[in-house]
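Below is one structure; the comments refer to it alone.
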Amino acid sequence: SGTLVIIDGQSGELIVDPDPETLTEYQVRQKAREKTRSREIAEAQRPAVTLDGHQVEVVANIGSVAEAEQAIKMGAEGVGLLRTEFLFLQGDTLPSEDEQYQIYRAIADVFQQLPLIVRTLDVGGDKDIPSIDLAPEQNPMLGERAIRLCLARPEIFQTQLRAILRAGDERNVKIMFPLIGSEDELQQALGQLEQAKADLRARNLPHAETPDVGIMIEVPSAAVLADILAPLVDFFSIGTNDLAQYTLAVDRTNETVAHLADPLHPAVIRLIHQVIEAAHRHDKWVGLCGEMAGDPQAAALLLGLGLDAVSYTHLTLPTMRLRCRSRWSPYH
Ligand code: PEP
Ligand code: MG
């Protein structure tokens, strides 16, 4: 109590009772950081065009209505990943179609005609929820998670798909399926989407009839088969948190090995490169919404590989936008 400490959020260090030189050094760094931050915020709405003219779509990862509003203020050009899990974590019962619709619509209203990518439910694995009774599994990360769970429980999936489609009426809502691992799985998910549309038509409810549909590339099999999957969708979004975990056989939630789940591992970078090339061959765009997108050095590499959109937590958006426009320097 009363001891001066410095928290260096960049290196993850805590310096207790710093000596005068260290203190001065950090005060200088803090001032410089504050100056850069003010510039980032002031320029948050300027387009992210690199010095060689490549326009990057800078969108946000969000998980609530409040974050949607903050993201707009931070210059988000839309949402690259709406994690819908938050709606399912709130109580012991599943949210109804109407409850989901209200929230998705409120978020879509914030973004109006800007794109809003809604990811369908991604639970199981590390994300346990009280409202769905998940059987205990020995390897939950390799078990009934995300799209696998939704395909196994069509009533949960259908309810969510109808809510998203209704929220997309006259809005730019796109639908994204997580953890797709094969063409067959994707076809099943697309079949479910058609079923949800047919039900809404039968109920005469306004909804998006032809929303863009994409998949997350987070299973190595999907990355390897990107050229087969690309013609079936409108876009890809690379989920490097899981792509690294599954490519490198590292449980991202296991503290002792999590540091090995490095998305800059050459094997992961090679897969990312293949995915971008396969998508572009089929005139499809590719975004990336894993944590690595927020690492400036990684971002420089990813843009060099031709990525069309990057999706970050909203607080990082102004930083990344300014960096996209600047000459890249390892000293940023
Ligand atoms: C990912 O896997 O990279 C991703 C964005 O999804 P989540 O972190 O929600 O699994
Ligand atoms: Mg994931």
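What's counted below: heavy atoms across the whole structure, side chains too, no hydrogens, waters or symmetry copies. Given the structure is predicted, the values throughout are model-derived calculations rather than measurements. First listed ligand is number 1; within each ligand, the first listed atom is number 1.
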Original post:
Would you say E85 touches ligand 1, if touching means a heavy atom closer than 4.0 Å?
Top reply: no

**OP:** May I ask you to test the V310-V56 pair for a side-chain heavy-atom distance under 4.5 Å?
**Re:** yes

**OP:** Tell me which part of M216 gets within contact of ligand 1: side chain, backbone, both or neither, using heavy atoms under 4.0 Å.
**Re:** side chain

Original post:
Which part of R252 is near ligand 1, with near meaning a heavy atom under 4.0 Å away: side chain, backbone, both or neither?
Top reply: side chain

Original post:
Is the shortest distance from a heavy atom of R145 to ligand 1 less than 4.0 Å?
Top reply: yes

Subject >> Nearest non-hydrogen protein atom, atom 6 (O) of ligand 1 >> reply: R119 NH1, 3.0 Å

Original post:
Taking atom CZ of R33 as the centre, does the number of heavy atoms from other residues, nucleotides or ligands within less than 6.0 Å exceed 12?
Top reply: yes

**OP:** Flag the pair D212 / F235 as yes when at least one side-chain heavy-atom distance between them is below 4.5 Å, and no otherwise.
**Re:** yes

Subject >> Numbering as shown, the atoms of ligand 1 that approach G290 to under 4.0 Å (heavy-atom distance) >> reply: 3 (O)

Original post:
Under 3.5 Å, side chain of Q113 to main-chain N/O of E170, donor-acceptor pair present?
Top reply: yes

**OP:** Considering just N/O/S atoms, say which atom of E218 is closest to the Mg ion (ligand 2).
**Re:** OE1

**OP:** May I ask you to decide if D122's main-chain N or O and E85's side chain share a donor-acceptor pair within less than 3.5 Å?
**Re:** yes

**OP:** Could you tell me which N, O or S atom of D242 is nearest to the Mg ion (ligand 2)?
**Re:** OD2

Original post:
Think R29 forms a cation-pi with Y26, using NZ or CZ under 6.0 Å from the six-ring centre and within 45 degrees of its axis?
Top reply: yes

**OP:** May I ask you to identify, for D242, whether its side chain, its backbone, both or neither come under 4.0 Å of ligand 1 on a heavy-atom basis?
**Re:** both

**OP:** Please check if atom CG in L142 has more than 12 non-hydrogen atoms from other residues, nucleotides or ligands closer than 6.0 Å.
**Re:** yes

